[in-house]
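First comes the structure, then the notes that go with it.
Every number for a ligand or one of its atoms is a count from 1 in the order of the listing. When a residue number appears, it is its place in the shown sequence, counting from 1. Fair warning: this is a prediction, and the values are worked out from it, not measured in the lab.
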Amino acid sequence: MYRISELTEKVGLSRSTLLYYEKLGLLQGVRQTNGYRLYSDKDIQQLHLLQQLQAGGLTLKECKSFLDSKVQRSVLEKRLQQLDEDIAKKQQARALLAALLGEGSLRLWHQQTDKLAPDAHLDWLKQQGFNEQQALHLKWLSKDMNEHDQYMADFMTVFQGLDRWGPSSDADTLKALSTLPTIPTKIIDIGCGKGFSTRLLAKHTQAEIVAVDNEQSALDELGERLTEQLDARVTLSCASMTDLPFSPESFDCIWSEAAAYIMGVEQALTQWRKLLTDSGFMVISDLVWLTDNPSQEAVAFWEGEYPDMQTVEKRLDQMCQAGFDVIDHFTLSEQAWHDYYQPLKARVAEAKASMPSSNAIADIEREIAIYEGYLGEFGYQMFVLRKGA
Ligand SMILES: C[S@@+](CC[C@H](N)C(=O)[O-])C[C@H]1O[C@@H](n2cnc3c(N)ncnc32)[C@H](O)[C@@H]1O
């Protein structure tokens, strides 16, 4: 038998805690004639059990019910669920520390953190010394600080040889242009890449066009392809879509194909809206779910690659919330996918010979397989909007 002072040592609980437990009926010492309480090994076992139940999230009241065999199954189920969630969080935290110590891949952590706290994730990357372009590349492409440079070198080897950097087609761009009630006169093409849309817009309107991208090499190619006639109306601007160097109401049309996702569609809608004149147009394309029941493999893939992917209805709702009227929207043709993925597939086949174990190549191949297997469950949607009052 043990006195309370011995019990405190054996179970690591304070005297006042033990007395409190005793008051709640969780512990029953045997009071001696001299006033001291004595406790048995069974009491110690009961306290160990109690500590474990508490670690499992049970309140003292629930512990008491458990010890009295009166606890409800639903209470235990709820606690178990909470415990599983806590463990998952701890495992995520552990994965980060291990990855930062070089003991594992940072990939999963980057993906999870981006889903949980995208802005904080980006800020954190910048604090690690990456500039915004690198941080965005890390977020969207390499997802691994340790492998980043090699990944991007491989990625650019494939993409520099490509014209289109996202699904799009001339027919779809012109279709969107034809739905505008009036022909714009000042257009900004954001995330223009090598400028397929820029050149089409220049050819089919008389507008002054500013083509913006943060990749100078893409703008250089666009510059080389501009004919003298178009050159006069197109200005190239190497800038970030997150911090566009233009005064409010500078444009009557914002165009952005396969690029708004980079800063987040909702953020793009609100930030870019300011650049529009009253009743100005915004035309953006975005990857969306086209079915309520997509295949598991497609869901798993896009959860990693585009966690903010939405249904068309959800995006339309966000667009209305952001102060736009919807003029039209349509799903990009299969041609748009074909025009992007066929050359990409050919480039990958070419490049793979010289870099067979590249992570970038493996990722691109995975994306191509998802496109080939599941296109139709998802697709690009072109949204034609007008700035509301
Ligand atoms: C998927 S590509 C689409 C390019 C082009 N609109 C097309 O359809 O071919 C996205 C483009 O956004 C550009 N980009 C990425 N981050 C950017 C940023 N922060 N500011 C401006 N452009 C950016 C990339 O360089 C790339 O050209």
Go through ligand 1 atom by atom and flag the ones less than 4.0 Å from a non-hydrogen atom of Ala258. 1 (C), 2 (S), 3 (C), 10 (C)

Taking a cutoff of less than 4.0 Å between a non-hydrogen atom of the residue and any ligand atom, is Lys194 in contact with ligand 1? no

Considering heavy atoms of the protein only, find what lies nearest to atom 14 (N) of ligand 1 and give residue, atom and distance to 0.1 Å. Asn214 OD1, 3.4 Å

Atom 12 (O) of ligand 1: which protein heavy atom is closest, and how many Å away? Ile262 CD1, 3.5 Å

heavy-atom search around atom 5 (C) of ligand 1 in the protein gives Gly191 O, 3.4 Å

Give the numbers and elements of all ligand 1 atoms closer than 4.0 Å to a heavy atom of Cys192. 5 (C), 6 (N)

Ala218 to ligand 1, any heavy atom closer than 4.0 Å: no

Does the residue Leu136 have a heavy-atom contact with ligand 1, meaning some pair of atoms that are separated by less than 4.0 Å? yes

Under 4.0 Å from one or more heavy atoms of Glu257, ligand 1 contributes atoms 3 (C), 5 (C), 6 (N), 8 (O)

Plane angle bin for Tyr340 and Phe159 - parallel if under 30°, tilted between 30 and 60°, otherwise perpendicular: tilted

Closest to atom 19 (N) of ligand 1 by heavy-atom distance, out of Ser240, Ser217, Gly166, is Ser240

Starting at CG of Asp170, measure out to NE2 of His204 and round the result to the nearest 0.5 Å. 7.5 Å

Tell me, with the steps shown, if Met382 and His329 meet side chain to side chain contact (heavy atoms under 4.5 Å, CB included). CA-CA 5 Å; Met382 188 77 91; His329 63 95; over 6 Å; no

So, Tyr371 versus Tyr341, ring centres under 6.0 angstrom or not? yes

Looking only at protein heavy atoms, which one is nearest to atom 1 (C) of ligand 1, and how far off is it? Trp165 O, 3.0 Å

Among all protein heavy atoms, pick the one closest to atom 24 (C) of ligand 1 and tell me residue, atom and distance. Asp213 OD1, 3.5 Å

